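I have placed the structure first, in the form of structure tokens, so that the comments after it can refer back to it.
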Amino acid sequence: MITPSFLDHLNEPQQQAVMASEPALMVLAGAGSGKTRVLTRRLARLLHQGEAGIGEILAVTFTNKAALEMRERVAALLNLDESNARRLWIGTFHGMGARLLRTHAEVLGFDANFTILDSSDQQRLIKRLSEQKEFIDPYWSPKRLASSISRWKDDGLGPDDLGQTRMKASRDLLRISEFYQSYQDELRRLNAMDFGDLLSNCLKLWDRAPEVLALYQNRFRHLLVDEYQDANKVQYDWMRRLAVGGALCVVGDDDQLIYSWRGARLDNILKFEEDFPDARVIRLEQNYRSSANILKASGGLIDHNVGRKGKTLWTTGEAGAPLEVYVAEDGEDEARHVTRQILRLVPDKGFHEMAVLVRTSSQTRLFEQAFHDQNVPYRVSGGLRFMDRAEIKDAVCYLRLAHSFRDDLAFERIINVPSRKLGPKALEEIQAAARGAGGSLLEGARLVLGQKGLGPAALVQLQKFVQLMDEAHALLEVAHPVEALDKLLEESGYREAVDLDERRNDMRENLRELRIFLSQVDDLAGFLERAALESDPPGTERRDDGVSRVVISTLHAAKGLEFPVVFLVGLEEGLLPHKMAVDEGGAAAVEEERRLTYVGMTRAKEKLFLSHARMRRMYQRLEPAIASRFLKEIPADTVKKRETVITARRGVGIPRPRRPFY
DNA sequence: GTAACTCCTATTTTT
DNA sequence: TAGGAGTTAC
């Protein structure tokens, strides 16, 4: 029996997507076509109709936020209590990978409590390693090595597979592949995995232990994948292998693929039907978000892309207001103009109903300034994330080391924070001792205490540090982790160092917030896992101070959001499409920039403002800018003719504006 | 440890 | 060209 509520308020294709029983299903869901709705209803329906038990469906997303939302919505649809909701396998690719790997770590020779390195940990490790190995090459900077290795992992390439890349000289190839290998060795020695490993090590695990793979293949009768267009090679292989024996349903939109620089492959969508010959494809083309005008404008733009499946979004809604284009003198003028428009709209619209979307985060400064000047409340979406803040990482590293003495990376980070006069020299001493004994840095530190390689003052400090770790470790056995955190921050002098500095108000605030977060969890291992995998603690994103604020966001960070009023700014050659994309990526990269523009436009529900400037500060130099090619690709009849001609400011050689082409 | 200096880089950033 | 990171000198 079908409970009708699963199909309530769904259109025909949406209903089909919820009900479809094919072993492979691809839902091509256009922007604003009710994708999340379909996904959650489908999941709820499968459970409700008994097609799968609560632990037999695996749903993967790309962000923790999306996973959380899906879990909540499914739980609400089915009236699940908390313990049942928790049994749902809903999470990110990386979260699921970590879960699997912790369960079967020993197969790959890791401890179950391996540490997860974030990008900055990874970079620090690579830097240290390249210094150690005297791998010095102006081209292969640690930064480039780190990002290349990440990318190779995304593409499913190990140290021995670099021949498949477009690495130029074979001399490089050998050196780099050796370095890559030594990085992997080092990770193993540290009992650590980086983000890429969380996925690729799953594939290794399944190769090595087919019975483990079979276990999960049998368990999961249904596999659901959200934002499928953003899957990279490893993620694709991961889900494909897991889906054997069960049904696979992917939901995505080729027009919203904006992460190819992280390995996402358009091919996954274009070739789905080849890879799964019996696949059914359902298109969701009715848009419930934007006005007809906005839909026509964005559709006209995206039509210029060649590599796409092709969809035509439609709506029964009204035409709505035409798009407005503003030609600004420069970036400051553009920001002032946006501010004026916002203030003009504000009696009708709340600030929170409006958003400014930018290509690069450096553009946000201009708008922050203008908003500040006119007292427009705003919020910058993205920016520095909670878990990436120095004081939070420090605190987490104290906990990490107390939790696992083997965590050398945590040791390195905090051994001299706050300053204990244990600088590079002391660290070297400790490292040598650790290497000699084949142990961790903390063990090395214990050994150093019995030698006389360090001065007496340093030894006292080191002794205190080691003792603090031992005590905190013991405390973790018997008390709540929050008590250990308090002890660590107090007795290490960290708290004092922060308190002494008058300017550190935000630091204190952040540490307090971390403490609140920690007090709500019941096991430290789970907390550390989340700290590694989630860049914001739960609640941070949705925390609402009750103030209505304009959102300033990069285009990337805006995917999945919607606003009644959207300002899409900086539509200039070099910025959108971005110069680097045009120079390096060629036609494919321009298509991605076009998709990015499309994503921005389709965020708007009622009113879409576009703008570009005639002069733009680039690398701190004011340069003439020309209107983006994308503007010409937007159907002219969706755009309001400009009423006023902007006169050039006197002098300074600004070219007179040409007659606009729209 | 800190200040002064030099060098370098300058897109997006789910995990 | 500015701002940050890293280095050197005191």
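In the text below, chain A, chain B and the rest are named by the order of the sequence lines, each starting its count at 1. As the structure is a computational prediction, the values presented were derived from the model and not from experiment.
The CD1 atom of Ile116(A) sits 10 Å away from the C1' atom of dT15(B) (whole-angstrom rounding). Atom-to-atom, NZ of Lys559(A) to P of dT13(B) comes out at 12 Å; the value is rounded to the nearest Å. For the pair Gln229(A) CD and dT14(B) C1', the computed distance is 11 Å after rounding to whole Å. The CG-P distance, from Asp194(A) to dT14(B), rounds to 17 Å in whole Å. Straight-line distance from the NZ atom of Lys233(A) to the C1' atom of dT15(B): 19 Å, rounded to whole Å. Residue Leu366(A) contributes atom CG, which lies 15 Å from atom P of dA2(C) at whole-angstrom precision. Atom CZ of Arg365(A) is separated from atom C1' of dT1(C) by 12 Å (rounded to the nearest Å). Nucleotide dT14(B) holds its P atom 12 Å from the CG atom of Asp118(A), rounded to whole Å.
Between the side chains of Asp267(A) and Tyr236(A), no donor-acceptor pair is found at a separation under 3.5 Å.
With contacts defined as side-chain heavy-atom distances shorter than 4.5 Å, the pair Arg530(A)/Met387(A) does not qualify.
Exactly one residue among Gln184(A), Gln122(A), Gln123(A) makes a side chain to side chain donor-acceptor pair (under 3.5 Å) with Asp194(A). That residue is Gln122(A).
Taking the C1' atoms as reference points, dA2(C) lies 23 Å from dT13(B), given to the whole Å. Using P as the reference atom, dA5(C) and dT12(B) are 15 Å apart when rounded to the nearest Å.
Residues satisfying the salt bridge (charged side-chain N to carboxylate O under 4.0 Å, His left out) test with Arg188(A), not counting sequence neighbours, are none. Partners of Asp155(A) according to the salt bridge (charged side-chain N to carboxylate O under 4.0 Å, His left out) rule, which considers only residues two or more places apart in sequence or in another chain, are Arg151(A), Arg265(A). Arg617(A) meets the salt bridge (charged side-chain N to carboxylate O under 4.0 Å, His left out) test with no other residue; sequence neighbours excluded. For the side-chain hydrogen bond (donor to acceptor under 3.5 Å, both in side chains) test, residues two or more places apart in sequence or in another chain that qualify with Arg603(A) are Gln256(A).
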In 5'-to-3' order, the base (B), backbone-only (S) or no-contact (-) status of each nucleotide in nucleotides 5-12 of chain B, using a 4.0 angstrom heavy-atom cut-off, is -----BBB
Is there any protein nitrogen or oxygen under 3.5 Å from a nitrogen or oxygen in nucleotides 3-8 of chain C, and what are the pairs?
none

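A sub-4.0 Å separation between OP1 or OP2 of dT14(B) and a side-chain N or O of Asn64(A) is absent.
Each of Arg420(A) and Leu533(A) lies near DNA chain B, and the nucleotide nearest Arg420(A) is the one positioned closer to the 5' end.
A distance below 6.0 Å separates the ring centres of Tyr259(A) and Trp261(A).
A donor and an acceptor atom sit less than 3.5 Å apart, one in the side chain of Arg262(A) and one in the base of dT15(B).
A salt bridge does not link Arg629(A) to Glu633(A): none of the charged nitrogens lies less than 4.0 Å from a carboxylate oxygen.
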